[in-house]
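Here's the structure we're looking at; comments come further down.
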Amino acid sequence: MSGQPNQTRQFETKRVIGNYPWTVRSFAVVGEDADETSHFVAHAALNEDTCEIREGAVIPVFHMCPPLAGPSIEGSQSNAIRADVVSDISLDVDELNSMKHWRANVEKLKRDVINVQGLRPFREYILFPHKKPVLSELNRPIYWRYSCAGLVIDCYETAGIEIIDLSAEMPEIDEECLAESYPRIARLEEIFQKKQDHEFLSKYGYRGLADLGLAEKPWRPIFVGYLFHSLKRFSVDTTRPKAYSPKSSLERYFPLPPAANS
């Protein structure tokens, strides 16, 4: 039955440490740290295909960089990341088939749009909500904008797996946390505040925080770390758990920093 655990395989959500090989399958969730000194998980992606990984391994992925990228997308320049954290929850055949169908549709929408118009990276990206349709004049979805976490959430939701409780209120963040968590956006926003028509902004399709869903405070984006705190609850001994509600923005770290547990 779809959604039931695979009783022959141990579920794993962990940091990739050491040289011992670990086999992970396609559509496992991959996280990349912001730096080598903390466990702040800055980026999320979907594993491209079954592979062996070790500490420091760089693997092919399907993800929202931005732009949407992956080995199967023509012209994709960024289709691999370092696997610092990985969650493989033993997806069953029905779940995998649903995810493959979802991916094919997402990629088709992108190809159709690119054939008609060029897409700048931030025209495909949004922070809040985690996904948003770009509509035609007839009010029909042309394609979807995602955050990197949002792409993973949508993929798994298609297979009936709710990672994050989207009806719950996400933890609030401030300007300092935003700049730490999204340094690329912080740099672009600094330029935007000085000169909105700067050619550098046009190159990336950046139109300010409001365009990314952060027009008004409080800001409550879904951090990548939230995904792994949710997925670590999945076990071979139980059916899929209910969607997860993050309690603190510190859950952008996986595991939580010592100060958060004291």
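Not measured: the values here are computed from a predicted model. We count residues from 1, following the sequence as given.
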Would you please name every residue forming a salt bridge (charged side-chain N to carboxylate O under 4.0 Å, His left out) with [X], sequence neighbours left out?
X: Arg103; answer: Glu48, Glu107
X: Lys100; answer: none
X: Glu172; answer: Arg220
X: Glu189; answer: none

Could you grab the distance from atom [atom1] of [X] to atom [atom2] of [Y], nearest 0.5 Å is fine?
X: Arg15; Y: Asp33; atom1: CZ; atom2: CG; answer: 4.0 Å
X: Ile59; Y: Ile53; atom1: CD1; atom2: CD1; answer: 5.5 Å
X: Tyr182; Y: Cys148; atom1: OH; atom2: SG; answer: 6.5 Å
X: Leu68; Y: Leu151; atom1: CG; atom2: CG; answer: 6.0 Å
X: Glu137; Y: Arg140; atom1: CD; atom2: CZ; answer: 12.0 Å
X: Leu91; Y: Phe234; atom1: CG; atom2: CZ; answer: 9.5 Å

By side chain to side chain contact (heavy atoms under 4.5 Å, CB included), which residues pair with [X], not counting sequence neighbours?
X: Asp174; answer: Glu176, Cys177
X: Lys194; answer: Glu190
X: Ser249; answer: Pro171, Ile173, Phe223, Tyr226, Arg252

Would a 4.5 Å heavy-atom cut-off, applied to side chains only, mark [X] and [Y] as touching?
X: Asp112; Y: Ile142; answer: no
X: Arg120; Y: Lys203; answer: no
X: Asp49; Y: Pro60; answer: no
X: Asp197; Y: Ser202; answer: no
X: Met170; Y: Pro246; answer: yes
X: Trp22; Y: Val16; answer: yes
X: Leu227; Y: Val41; answer: no
X: Ile89; Y: Leu231; answer: yes

Backbone of [Y] reached by a side-chain donor or acceptor of [X] within 3.5 Å:
X: Glu55; Y: Gly18; answer: yes
X: Arg233; Y: Lys242; answer: yes
X: Arg145; Y: Ile126; answer: no
X: Asp88; Y: Arg25; answer: yes

Any chance you could lay out the side chain to side chain contact (heavy atoms under 4.5 Å, CB included) test for Asn79 and Ile73, step after step, and finish with the verdict? CA-CA 9 Å; Asn79 57 20; Ile73 296 179; over 6 Å; no

Mind checking ring pair (Phe, Tyr, Trp, His ring centres under 6.0 Å) for [X] and listing every partner two or more places apart, or none if nothing turns up?
X: Phe40; answer: Tyr253
X: Tyr244; answer: none
X: His43; answer: His63

Decide side chain to side chain contact (heavy atoms under 4.5 Å, CB included) for Val113 and Glu124; before the verdict, give the C-alpha distance in whole Å, the side-chain angles of both, and the deciding distance to 0.1 Å. CA-CA 11 Å; Val113 171; Glu124 300 184 67; over 6 Å; no

Could you go step by step and tell me if Asp92 and Arg240 meet the salt bridge (charged side-chain N to carboxylate O under 4.0 Å, His left out) rule? CA-CA 12 Å; Asp92 66 28; Arg240 304 302 192 197; 5.4 Å; no

Lys132 atom NZ, over 12 foreign heavy atoms within 6.0 Å: no

More than 12 foreign heavy atoms under 6.0 Å from CD of Glu52: is that the case here? yes

Ring pair (Phe, Tyr, Trp, His ring centres under 6.0 Å) partners of residues 121-147, not counting sequence neighbours, each pair once: Phe122-Tyr125, Phe122-Tyr206

Using residues 156-163 as the side-chain source, report each donor-acceptor pair under 3.5 Å to any protein atom, sequence neighbours left out, with the distance given to one decimal.
{"residue": "Tyr156", "atom": "OH", "partner": "Phe27", "partner atom": "O", "Å": "2.5"}
{"residue": "Thr158", "atom": "OG1", "partner": "Asp154", "partner atom": "O", "Å": "2.9"}

